[in-house]
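Heads up: the structure comes next, in structure tokens.
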Amino acid sequence: IDLAVVGESAVFATYMANLNYIRNLWLSRSTDSGMTFDPPIQLNDGNWYEPACPTSAPRLQIGPDGHLNAVWLDRHEGVSHVYYARSTNGGQSIIQRTRLSQAGELVMGHPAIAITPDGALHTVWEFFNEPLSAVNLNYSRSTDSGSSFSPPCAVSGGAIYFQWAPSAAASPAGDLALGWHDERTGSPDVYVAMASGASAVGDAGIAPRAAYRAAPNPFRDWVGMSRL
């Protein structure tokens with residue numbers, strides 16, 4: 001489950017539900033500070049049948065325009081993909097659903113989203129980097145309110161060590177922070193990378209491996225990365 005609050009009384013909840021192994025994603029709204037909630041609306045298309053126990057939850061963010069933005073993983077197409085949806089009427093309906101991951105991408109899950117004050121959407125998720133036999137992180141962003149997203153590119157160009165469970169956050173100044181678990185030292189650690197003015201980043205910085213340079217990536221130069 002993930003929650004978002006607008007003003008003093010509007011509360012939004014997004015979650016995964018299981019009905020006979022149909023694991024769909026839902027969004028519900030409260031206008032009385034969480035005392036009651038409206039009937040939920042479905043985030044995802046189709047039905048996701050999964051006779052296992054997925055751990056990848058949906059994530060919800062409110063943009064500076066007050067609109068709702070959600071990302072999640074599901075397998076209603078038969079394979080795992082990361083999706084994005086937007087609501088511009090306070091969670092009463094979904095106006096668009098967009099697949100962020102690409103065909104053939106081996107998505108692992110745990111998507112995260114952050115929104116910088118200029119309205120740019122920043123998303124990150126786990127994928128299996130088959131050439132390196134490692135779980136890495138892919139990054140994509142939108143600068144047009146979610147109408148389109150940049151092609152995914154691997155954080156730092158990909159790595160032979162495992163990276164997983166990412167989290168993203170934006171500051172009022174427009175800086176973007178990304179945190180994740182990382183095994184580069186041989187045991188799990190937590191790493192954080194900062195990108196200043198992330199939504200305006202172009203080709204500055206050290207490029208990742210050419211195979212992954214599909215879009216500008218504010219994390220590829222690893223400036224300001226810290227081990228916690």
Side-chain angles (χ1 to χ4, degrees), residues 1-4 13-19 21-27 42-61 68-86 94 97-115 121-142 146 149-156 158-169 176-184 188-193 212 214-215 217 219:
I1 188 171
D2 201 15
L3 300 173
T14 183
Y15 57 93
M16 179 189 298
N18 175 17
L19 179 61
Y21 299 117
I22 301 298
R23 302 180 186 274
N24 288 330
L25 290 301
W26 301 89
L27 173 67
Q42 188 171 335
L43 277 177
N44 59 311
D45 284 320
N47 289 307
W48 171 17
Y49 176 77
E50 185 68 62
C53 188
T55 61
S56 189
R59 290 290 175 254
L60 186 64
Q61 283 281 311
L68 280 71
N69 302 268
V71 292
W72 70 92
L73 171 136
D74 78 50
R75 283 187 274 272
H76 76 267
E77 296 185 60
V79 294
S80 297
H81 280 295
V82 171
Y83 299 87
Y84 162 84
R86 179 175 176 84
I94 300 298
R97 295 176 177 88
T98 304
R99 193 180 78 190
L100 302 184
S101 49
Q102 297 184 324
E105 184 179 339
L106 301 177
V107 173
M108 303 295 291
H110 298 103
I113 182 171
I115 306 175
L121 310 175
H122 304 268
T123 61
V124 63
W125 62 88
E126 302 165 348
F127 77 104
F128 183 70
N129 193 331
E130 196 166 17
L132 299 179
S133 296
V135 176
N136 288 166
L137 305 179
N138 256 352
Y139 166 85
S140 179
R141 74 177 176 201
S142 172
F149 282 82
S150 62
C153 59
V155 171
S156 83
I160 59 174
Y161 40 84
F162 279 54
Q163 305 164 309
W164 75 98
S167 181
L176 187 62
L178 176 69
W180 68 93
H181 291 281
D182 193 298
E183 289 190 350
R184 71 184 63 195
D189 288 313
V190 174
Y191 279 76
V192 174
Y212 300 104
N217 182 352
F219 299 108

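- In this structure, the ring pair (Phe, Tyr, Trp, His ring centres under 6.0 Å) partners of His181, at least two apart in sequence or on a different chain, are Trp164.
- A donor-acceptor pair under 3.5 Å links the side-chain atoms of Ser101 to the main chain of Val82, judged by distance alone.
- For Gln102 against Arg99, the heavy-atom pair with the smallest separation is C-NH2, 4.1 Å.
- Judged by distance alone, the side chains of Asn138 and Glu105 do bring a donor and an acceptor atom under 3.5 Å apart.
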For this session: Kindly determine whether His76 and Tyr83 satisfy ring-ring contact (aromatic ring centres under 6.0 Å, His included), including the steps that lead there.
Result: CA-CA 11 Å; His76 76 267; Tyr83 299 87; 5.2 Å; yes
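- Between Ala85 and Arg97, the closest heavy-atom pair is CB-CG, 4.2 Å.
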Exercise. Under the side-chain hydrogen bond (donor to acceptor under 3.5 Å, both in side chains) criterion, do Asn69 and Tyr84 qualify, and how do the steps go?
Worked result: CA-CA 7 Å; Asn69 302 268; Tyr84 162 84; 2.5 Å; yes
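- Remark: side-chain polar atoms of Gln42 are paired, donor with acceptor, to backbone N or O of Asn44 under 3.5 angstrom.
- Listed for the Asp2 side chain is a donor-acceptor partner under 3.5 Å among the backbone atoms of Leu60.
- In plain terms, the two heavy atoms of Ala57 and Ile1 that are nearest each other are CB-N, 4.2 Å.
- Nearest heavy atoms, Pro166 versus Ala112: O-CB, 3.8 Å.
- Shown here for Ser133 and Phe162, the closest heavy-atom pair between the two residues is O-CE1, 3.6 Å.
- Between Leu100 and the choices Thr123, Val107, Leu121, Ile113, the side chain to side chain contact (heavy atoms under 4.5 Å, CB included) rule is met once, by Thr123.
- Judged by distance alone, the side chains of Trp26 and Asn24 never bring a donor and an acceptor atom under 3.5 Å apart.
- For Pro152 against Ser140, the heavy-atom pair with the smallest separation is CA-CB, 4.4 Å.
- Between the side chains of Ser80 and Arg75, a donor-acceptor pair is found at a separation under 3.5 Å.
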